[in-house]
Amino acid sequence: MNTKELIEKIKNIVRGHSLYMLHYCTGCGAIELPPTMTSRFDMERLGIAPMATPRQADILLITGYLSKKTLRRVIYTYEQMQSPKWVVGFGSCTINGGIYYDSYSTINRLDLYLPVDLYIAGCMPRPEAIINGFKKLISMIEKGDAKGWEHYIENKKWYKKNQKKALGNSLYTTR
Amino acid sequence: MIIKFLIRGLLFLIGAFIFQVSLSGFSRKVVGRIQKRYGPVFWQNFRDIFKFLFKKTSISHGFIFDFGVLMAFGGTMATLIFVPFGNFAVIPGQTNFIVIIYLLAIGLLGMAMSAVGSGNPNASIGISRALTQMLGYELPFLIIALIIMFTNQSSSLEVLVNSQIAGTWNLIKMPLGAVVAFISVMGMLGKKPFDSPIAPAEIASGPLVEYSGKYLGILMIQHEFATVIEVGLFVNLFLGGGKTILDFMIKYIIVYILMVIISSFLPRFKVEESVKFFWKWGLSISIIQAVITLGFYFS
């Protein structure tokens, strides 16, 4: 192991234990987050804290279904975040559409549009499941396996194609 | 000679960084225990700062934005050099209170310039709140400091500390003034009742809204240095500094943790309420203290 790899490994350990999280709360997923953050389950002991702006955040937490209108905002938010950054899909709505699978206006699979590093399944997942999922994410970051943001840069054409298919050609609204 | 002072200054900055960052990490643990949580480990703030410094990308918004960050960081470090820490001063004899107050404004002005340069409306609102609140806390704090300087006929912090070590602490000599200064320092640090400039829920962390990556890491270090200056000023002015560095550190830790405990119980003032609070209660109590102290001094 040379020096560069060793430095990268130390950096990954530091990154894994300090995660600022931006929660994009569209649906019922927001209900399970406050108990996870506050006294009972205490997310802060893992080094995870909520943050107010996308510039300062490391994790984008998408809780619940995305309609075509909100997907556009999520893409803006994701592209404003600074790499390394990770996306966590939360609940079955982000995996296959959940109970909204046949709705005319919702997105069924999130990972067609954004590189999801980790899914937390359930409808909705309990705080125990959320903590478990974050522990998994921390160990992935420490090992350097969570590379969704690099995947997004490498396959930008494919993601943009999918996004345009869902949102129409006006991917970025012009004012 | 200059090399010697540079090395002393650098060592002092590194020491102050390690001390204050571990202390603020420990204070997160204290807040956690108050809220019946475990809280993070005490080196969590090191992880946060270095995580931001290790980010691979960070967005700049132009020359003013970059320059303001460096101005805030450099100005705060330059101020810290003049604060005596127990019996240790980087340049012995150069610990003037007026210089410290004068240089301390550079940090805040650099921050204001940079945040306005980002062009985000939340940042402008946050900075306007911070500067408005500055009008509130500076006035009572400076009145109390002027009384201390006048009664000792000196503005050097070392002289003020030595006179307190020889006699009694200013905390006992002028208790009303100490209370006002304590609250003013809480306002300077942006602790809980006075944290409307950085309110995360309403203006998305205010001036810091557009900072990312390395910029935010630098500003977090700047905030820790500013904390050392402000709490250090209070300890030097009212608690008699310290005979040794360890003595100073113990007093510093007590004052800082007391502020954290008080702030964790309180909700947030609106900015006009906090200025009104400082001017109504802070200013009137400090003027009463001035009348009492000067009355004893002249009689």
Side-chain angles (χ1 to χ4, degrees), chain A residues 4 6-23 25 34-59 77-86 127 131 134 138 141-142 144 146-150 152-153, chain B residues 21 25 27-61 65 115 118-123 126 195 198-217 219-220 264:
Chain A
K4 214 171 179 184
L6 186 71
I7 291 173
E8 196 58 31
K9 201 166 187 182
I10 293 170
K11 282 183 178 178
N12 277 336
I13 290 174
V14 172
R15 279 174 193 142
H17 284 96
S18 162
L19 296 169
Y20 284 174
M21 143 187 114
L22 185 71
H23 35 287
C25 298
T36 322
M37 286 178 212
T38 49
S39 308
R40 177 80 189 270
F41 293 99
D42 188 21
M43 197 186 258
E44 202 184 2
R45 73 197 144 94
L46 300 176
I48 304 170
M51 251 305 146
T53 80
R55 296 271 188 224
Q56 303 167 5
D58 306 304
I59 312 179
T77 311
Y78 181 73
E79 288 179 353
Q80 279 180 15
M81 286 162 65
Q82 300 303 309
S83 54
K85 53 191 172 183
W86 300 279
I131 297 264
F134 275 126
I138 288 171
I141 293 170
E142 274 188 350
K147 285 198 181 292
W149 58 278
E150 279 181 358
Y152 187 75
I153 295 169
Chain B
V21 176
S27 77
R28 276 172 80 173
K29 191 118 190 147
V30 171
V31 174
R33 288 300 158 94
I34 289 170
Q35 297 170 351
K36 286 194 173 177
R37 302 187 275 120
Y38 279 105
V41 289
F42 79 87
W43 60 89
Q44 181 63 41
N45 277 21
F46 285 106
R47 285 171 177 171
D48 289 349
I49 288 172
F50 283 109
K51 186 253 326 231
F52 279 122
L53 293 179
F54 291 159
K55 279 266 182 188
K56 290 200 172 150
T57 55
S58 35
I59 284 211
S60 167
H61 292 272
F65 186 80
S118 75
N120 192 312
N122 281 332
D195 70 338
I198 51 159
E202 23 177 321
I203 52 171
S205 71
L208 297 174
V209 65
E210 277 293 327
Y211 294 96
S212 55
K214 297 181 173 68
Y215 296 94
L216 192 57
L219 283 180
M220 282 168 95
S264 71

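To find a chain, count down the sequence lines: A is the first, B the second, and so on, and within it residues start at 1. We use all heavy atoms of the structure for the numbers below, so side chains are in, but hydrogens, waters and symmetry mates are not.
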If you tally heavy-atom pairs under 4.5 Å against chain A, which of B/A204, B/G213, B/G32, B/P40 wins?
B/P40
Counting heavy-atom pairs under 4.5 Å to chain B, which of A/L19, A/T38, A/V14 comes out on top?
A/V14
Under 4.5 Å from a heavy atom of chain A, the part of B/Q44 involved:
side chain
Measure the spacing between CD1 of B/I34 and NZ of B/K29 and express it to the nearest 0.5 Å.
13.5 Å
For chain B, which residues of residues 39-49 of chain A have at least one non-hydrogen atom nearer than 4.5 Å to it?
A/S39, A/D42, A/E44, A/R45, A/G47
Using heavy-atom distances under 4.5 Å, tell me whether B/Y211 contacts chain A through its side chain, its backbone, both, or neither.
backbone
For the student: nearest non-hydrogen atoms of A/M37 and A/P50, plus distance
SD-CG, 3.8 Å
Identify whether the distance between the nearest side-chain nitrogen and carboxylate oxygen of B/K56 and A/E8 falls below 4.0 Å.
yes
Sequence neighbours excluded, the answer for side-chain hydrogen bond (donor to acceptor under 3.5 Å, both in side chains) partners of B/N122 is none
Who pairs with A/E142 by salt bridge (Lys or Arg N to Asp or Glu O under 4.0 Å), at least two apart in sequence or on another chain?
none
So do the side chains of B/I203 and B/V209 get within less than 4.5 Å of each other, counting heavy atoms only?
no
Best-contacting candidate, A/A52, A/P84, A/S18, A/P54, against chain B by heavy atom pairs under 4.5 angstrom:
A/S18
Sorted by chain and residue number, the side-chain hydrogen bond (donor to acceptor under 3.5 Å, both in side chains) partners of B/K55 (sequence neighbours excluded) come out as A/D58
Do you know which two heavy atoms are closest between B/P207 and B/A115, and how far apart they sit?
O-CB, 3.9 Å
Assess the side chains of B/Y215 and A/Q82: does a donor N or O sit below 3.5 Å from an acceptor N or O?
no
Checking B/L216 against chain A: side chain, backbone, both or neither under 4.5 Å from a heavy atom?
side chain
